[in-house]
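To find a chain, count down the sequence lines: A is the first, B the second, and so on, and within it residues start at 1.
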Amino acid sequence: MEISARLLEWYKNHHRSLPWRKTRDPYKIWLSEIILQQTRVNQGLPYYLNFIETFPTVDDLARAPQEQVLKLWQGLGYYSRARNLHKAAQQVVEDGGIFPTSYKDLLTLKGVGAYTAAAIASFCYDEVVPVVDGNVYRVLSRLMGISSPINTTPGQKEFRALATMLISKKDPATYNQAIMEFGATHCTPKNPLCNSCPFQTDCVAFNMGKVDELPVKVKKTKVKNLFHHYLVVLTPQNKTILQQRPQSGIWAGLYEFPFVESIGNLLFHELREDQVFQELLGGVRFRESVYNQDPIVHKLSHRKVHAYFWVIETETEIPNAITRDEAAEKPVHVLIERFMREFWNITKE
DNA sequence: AATACGGGGGG
DNA sequence: CCCCCAGTATT
């Protein structure tokens, strides 16, 4: 039997029931695909449900304030996805509220690349274009015994060509779902279920005992250390200060407490002399206390943030200070979210 | 062709 | 600790 036919047969018996598989609404498909970029189903699912409930249509999403979109995205990571999502919704609305209906046209949407365009085009419009995601690389590299690195241009070109040959022309939508689902739940990165695999006799990697060596990836992200000394201002009226991060770079556009960045550890008197501290609190009387003596380490794939939180209780009000409730409305990254949750529970009267 | 961009889960 | 995840945009 053809590869595609066996994949479809496997999928029929083993697929999970997921909300975005019950619809052909391009808005919902698109939203789910953006959320699922570099994100596992279990992590993305609650966000998907929340978005659909808050923004039932692309029009609702397009008209929302960007900050609301970011707030709903809070905790998911890769926040440019949320900004691009919002932008793309506005693109669609400006075009009359109808999504592009071809792979080529879908690529014009912000945040929609080769994978996502193929997913929407096949799922919604039965266009015969293969999805090539992490699952597909893994399944195909093992099945065919291909050791070309999956993160180089020649390697990706090779896998794309292969995927184009294998896709079912009769049912590209289900085929694309099937190969990804097979990679996600059966041909997994670690401990794949080879003993119950419909491709066992054909799988080159299995027959050569190289399942755990494929796919091949060539990279190593080096981690950069960052030291952030956050200034948690508390005024007599129990207000605090949040500031917005720049519109580019890590955590772009999210909010956090003002902070002093350093090369390593810092004593309070050094912190106090820093320009950031002076511009924020110069001339103000306060009482300081450190919230955490040891750094709170927040690890990302390419950063390791060593965070210290200093509580600065001022004797007078500070301009631009906001209430606790107002602060809770701002989109923040996970490091700040966790601190706020702990700290506000502690200081709750 | 490389690098930046989050956060969580599995082994 | 290291790897991976329904990738994309930018340099």
Side-chain angles (χ1 to χ4, degrees), chain A residues 15-16 18-21 29-48 70 73-85 87-88 106-123 130-139 149-157 160 163 173 175-185 187-192 212-224 226 245-254 297-305 331-338:
Chain A
H15 72 90
R16 294 167 288 182
L18 297 169
W20 47 84
R21 286 183 175 155
I29 299 293
W30 162 72
L31 175 62
S32 73
E33 292 302 338
I34 302 298
I35 287 175
L36 291 172
Q37 288 169 6
Q38 294 291 284
T39 304
R40 285 170 210 274
V41 166
N42 286 337
Q43 189 189 1
L45 182 54
Y47 286 84
Y48 171 81
L70 281 172
W73 200 269
Q74 179 174 310
L76 245 198
Y78 286 153
Y79 297 92
S80 65
R81 287 184 293 170
R83 296 192 305 276
N84 287 337
L85 184 83
K87 173 70 182 169
L106 284 160
L107 284 174
T108 64
L109 295 178
K110 275 288 185 191
V112 173
Y115 162 76
T116 305
I120 302 171
S122 61
F123 298 162
V131 291
V132 185
D133 73 335
N135 293 305
V136 175
Y137 284 127
R138 186 169 54 258
V139 171
I150 63 172
N151 55 346
T152 63
T153 304
Q156 289 168 353
K157 195 177 166 188
R160 179 165 304 283
Y175 168 87
N176 276 341
Q177 293 277 12
I179 191 167
M180 289 195 288
E181 185 77 343
F182 184 70
T185 67
C187 192
T188 47
K190 305 286 182 184
N191 306 325
D212 50 357
E213 295 172 32
L214 294 172
V216 173
K217 211 169 182 178
V218 288
K219 205 189 295 200
K220 249 181 203 73
T221 56
K222 31 183 192 263
V223 177
K224 187 176 172 189
L226 295 176
R245 292 187 58 89
Q247 290 300 323
S248 64
I250 189 170
W251 296 321
L254 301 190
V297 178
H298 187 67
K299 296 171 71 172
L300 309 176
S301 44
H302 59 307
R303 295 278 188 276
K304 185 172 174 185
V305 183
V332 299
H333 51 83
V334 166
L335 173 58
I336 299 298
E337 181 185 7
R338 287 186 182 145

query = Taking CD from A:Q38 and P from C:dC4, how many angstroms apart are they, rounded to a whole number?
reply = 11 Å
query = What pairs with A:Y78 under ring pair (Phe, Tyr, Trp, His ring centres under 6.0 Å), at least two apart in sequence or on another chain?
reply = none
key: Separation of the P atoms in B:dG11 and C:dA6, to the nearest angstrom   = 14 Å
query = Base, sugar-phosphate alone, or nothing: which one does A:I34 contact when heavy atoms must sit under 4.0 Å apart?
reply = nothing
ask   = Pick the nucleotide of DNA chain B nearest each of A:R81 and A:T153; which residue has the one closer to the 5' end?
value = A:T153
request  = Give the stems involving DNA chain B, where a stem is 3 or more consecutive Watson-Crick or G-U wobble pairs (i with j, i+1 with j-1, and so on) under 3.5 Å.
outcome  = B:1-5 with C:7-11, B:7-11 with C:1-5
Give every donor-acceptor pair under 3.5 Å between a side-chain atom in residues 130-138 of chain A and any protein atom, sequence neighbours left out.
unit_1	atom_1	unit_2	atom_2	d
A:D133	OD1	A:N135	N	3.2
A:D133	OD1	A:V136	N	2.9
A:D133	OD2	A:N135	ND2	3.0
A:N135	OD1	A:R138	NH2	2.8
A:N135	OD1	A:A184	N	3.3
A:R138	NE	A:C187	O	2.6
A:R138	NH2	A:G183	O	2.7

ask   = Atom CG of A:L45 to atom P of B:dG7: distance rounded to whole Å?
value = 20 Å
remark   = Taken to the nearest whole Å, CD1/A:I120 to C1'/C:dG7 is 13 Å
inquiry  = Under a 4.0 Å threshold between the charged nitrogen and the carboxylate oxygen, would A:E33 count as salt-bridged to A:R81?
reply    = no
Interatomic distance, A:D212 CG vs C:dC4 P [rounded to whole Å] = 12 Å
ask   = Of the nucleotides B:dG7, C:dA6, C:dC5, which one has an atom closest to the side chain of A:Y79?
value = B:dG7
key: Sugar-phosphate only, base, or nothing, as touched by A:W20 at under 4.0 Å among non-hydrogen atoms   = base
task = Spell out, as yes or no, whether a donor-acceptor pair under 3.5 Å connects the side chain of A:T188 to the backbone of A:T185.
result = no
query = With rounding to whole Å, what would you report as the distance between B:dG6 and C:dC3 at their C1' atoms?
reply = 15 Å
Pairs: protein N or O with nucleotides 8-11 of chain C N or O, under 3.5 Å:
unit_1	atom_1	unit_2	atom_2	d
C:dT8	OP1	A:G113	N	2.7
C:dT8	OP1	A:G113	O	3.3
C:dT8	OP1	A:T116	N	3.1
C:dT8	OP1	A:T116	OG1	2.8
C:dT8	OP2	A:A114	N	3.4
C:dT8	OP2	A:Y115	N	3.2
C:dA9	OP1	A:G111	N	2.5

message = Whether the side chain of A:T39 engages the backbone of A:Q37 through a donor-acceptor N/O pair (distance < 3.5 Å, no angle test) should be reported.
response = yes
query = To the nearest angstrom, how far is A:N135 atom CG from C:dG7 atom C1'?
reply = 12 Å
ask   = So do the side chains of A:R338 and A:H333 get within less than 4.5 Å of each other, counting heavy atoms only?
value = no
request  = Can you figure out which of C:dA6, B:dC5, B:dG7 approaches the side chain of A:H302 most closely?
outcome  = B:dC5
inquiry  = I'd like to know if the side chain of A:N151 and the backbone of A:V218 have a donor-acceptor N/O pair within less than 3.5 Å.
reply    = yes
Every protein N/O within reach of nucleotides 8-11 of chain B N/O, cut-off under 3.5 Å:
unit_1	atom_1	unit_2	atom_2	d
B:dG8	OP2	A:R338	NH2	2.8
B:dG8	N2	A:R40	NH2	3.2

query = Do A:K299 and A:V297 come close enough that some side-chain heavy atom pair is under 4.5 Å?
reply = yes
key: N/O donor-acceptor pair under 3.5 Å between A:R21 side chain and A:R16 backbone   = yes
key: Touch class at under 4.0 angstrom, heavy-atom based, for A:G249 against every strand present   = sugar-phosphate
inquiry  = On DNA chain B, compare the nucleotides closest to A:T152 and A:S248; which residue's is nearer the 5' end?
reply    = A:T152
B:dG6 base / A:T39 side chain donor-acceptor hit below 3.5 Å = yes
ask   = Rounded to whole angstrom units, what separation is found between the CG atom of A:L300 and the C1' atom of C:dC5?
value = 16 Å
query = Rounded to the nearest 0.5 Å, how far does CD1 of A:I29 lie from CD1 of A:I34?
reply = 12.0 Å
query = Who are the side-chain contact (heavy atoms from CB on, under 4.5 Å) partners of A:E337, not counting sequence neighbours?
reply = A:Q74, A:V332, A:V334, A:R341
Donor-acceptor contact below 3.5 Å, side chain A:R83 vs main chain A:A252 = yes
key: Nearest-Å distance for atom pair CD/P, residues A:E33 and C:dC5   = 15 Å
task = Specify the separation, in whole Å, of atom CG of A:N151 and atom P of C:dG7.
result = 13 Å
message = With a 6.0 Å cut-off on the ring centroids, do A:Y48 and A:W20 count as close?
response = yes
query = Should A:W251 be listed as having a side-chain N or O under 4.0 Å from OP1 or OP2 of B:dG7?
reply = yes
